[in-house]
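All values below were derived from every heavy atom in this structure, side-chain atoms included, with hydrogens, water molecules and symmetry-related copies excluded. Residue numbers start at 1 and run along the sequence shown. Note that ligands are numbered from 1 as they come in the structure, with each ligand's atoms numbered from 1 the same way.
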Amino acid sequence: MMITNDIKYIGVNDHKVDLFEGQFVVPDGMAYNSYVIMDQKIAVFDTVDRDFGDTWMRNLKIALDGKKPDYLIVQHMEPDHSANIARFVTEYPDAEVVATAKAISMLPQFFGEGFAPRTIAVKEGESLGLGKHNLRFVTAPMVHWPEVMLTYDEESKTLFSADAFGKFGALDKDDDWACEARRYYFGIVGKFGPQVQETLKKAAALDIARICPLHGPVLDSNLGYYIGLYDTWSAYRPEEKGVVINYTSVYGNTKKAVMLLADKLRALGCEKVVTNDLARCDIHEAIEDTFRYDKAIFATTTYNGKIFPQMHAFIHHLTERNFQNRKIGFVENGTWAATAAKNMKAMFENSKNLEFCETTVTIKSAMNSANEKEIEALAKEIFER
Ligand code: FEO
């Protein structure tokens with residue numbers, strides 16, 4: 001597939017993967033992107049997942065049309081992109097691997113001490129001329145590993161962006177970019193907002209016509225939309241007004257309270273109300289929702305003296321990703337020791353800029369009429385104030 005006259009796509013679609021990176025469900029599969037720039041010198045950008053080495057090598061040979069590559073640009077050493085480096089070097093022993101020193105130090109960790117490819121270590125701002133095309137390297141540590149770099153091709157104004165601007169989903173599935181890019185971003189890169197902000201600052205100095213990520217489609221129009229979303233996400237700003245209610249329920253009583261709260265919110269005019277049963281939903285969808293909206297409610301029961309395990313894991317997912325800048329409230333349920341709200345609040349004690357609702361709903365087994373009034377008060381407080 002041609003991206004420009006000189007840039008060819010040689011990536012693959014994965015519809016076999018069960019859990020991407022060992023934890024993310026990907027019902028629409030996954031794309032591992034790889035590119036070639038054909039010039040006086042030929043550069044290949046990254047390899048693909050181990051299971052797709054044959055397809056990738058076939059795509060590469062078709063793109064090369066009998067020529068030999070001069071460089072393999074390794075932007076990221078995570079195996080979904082690096083797994084075929086040794087195979088590439090064996091096939092093309094005269095080609096050089098271009099990467100950061102950190103990435104080069106990882107090569108023997110993955111491929112063994114006996115594996116010593118010809119390497120060129122590049123630093124921030126250094127260039128590599130191919131002929132017409134001049135590649136400039138932009139380091140992007142922790143987006144998503146410490147060795148990551150992006151590459152800017154001055155001739156075509158293309159930013160090869162490694163994992164940044166990637167999404168879940170194979171390229172032969174036409175799903176909404178933002179939905180699966182947001183779930184991907186908060187699931188995989190969400191902890192590293194400050195590093196993404198640094199990378200966006202560097203990118204702002206470049207005249208970018210097209211973004212070629214390692215997952216998801218090539219982005220070549222409306223780039224302000226995608227870059228704007230990355231800025232919002234990495235600055236931990238809410239993207240939209242709305243209330244997400246994350247809950248667990250053992251016998252349905254907490255769920256009943258949650259559904260009443262959702263009804264009350266809608267009756268007040270709240271247009272976006274999302275409920276997530278944390279024991280049953282995709283946890284990464286719930287993480288995505290909770291970073292997307294500006295308000296969140298957490299509803300759970302006392303369990304083993306603390307809180308229900310799925311809620312505990314969920315709040316941990318949020319706090320380790322620097323959850324902040326939101327308004328939140330609590331609903332707790334406990335038959336003899338209703339302490340879940342106190343325990344949930346304690347888990348957020350190091351989170352920045354959270355506003356806590358004064359109203360906490362405390363249910364002792366099943367909702368009573370006083371609880372219904374508290375739920376109404378909580379709905380008004382989180383929505384109206
Ligand atoms: Fe697509 Fe961080 O690997």
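- For the pair Asn343 and Gly305, the tightest heavy-atom approach, listed with the atom from each and the gap, is ND2-O, 3.7 Å.
- Between atom 2 (Fe) of ligand 1 and the N, O or S atoms of Glu78, the shortest distance is to OE1.
- Nearest N, O or S atom of His144 to atom 2 (Fe) of ligand 1: atom ND1.
- Shortest distance from atom 1 (Fe) of ligand 1 to Asp163 is reached at OD1 (N/O/S atoms only).
- Under the 4.0 Å criterion applied to side-chain N and carboxylate O atoms, Arg292 and Asp289 are not assigned as salt-bridge partners.
- Minimum-distance N/O/S atom of His81 relative to atom 1 (Fe) of ligand 1: NE2.
- Taking 2.8 Å as the threshold, His215 counts as a candidate ligand of atom 1 (Fe) of ligand 1, since one of its N, O or S atoms lies below it.
- The CZ atom of Arg118 sits 15.0 Å away from atom OH of Tyr92, with the distance rounded to the nearest 0.5 Å.
- One distance of note links CG of Leu214 with OG of Ser161; it measures 6.5 Å at 0.5 Å rounding.
- Shortest distance from atom 1 (Fe) of ligand 1 to Asp80 is reached at OD2 (N/O/S atoms only).
- Looking at Asn134 and Asp153, their side chains never bring a donor and an acceptor atom within 3.5 Å of each other.
- Coordination check, Glu21 versus atom 2 (Fe) of ligand 1: failed, since every N/O/S atom of the residue sits at 2.8 Å or beyond.
- Remark: the Asp28 side chain and the His15 side chain contain no N/O donor-acceptor pair separated by less than 3.5 Å.
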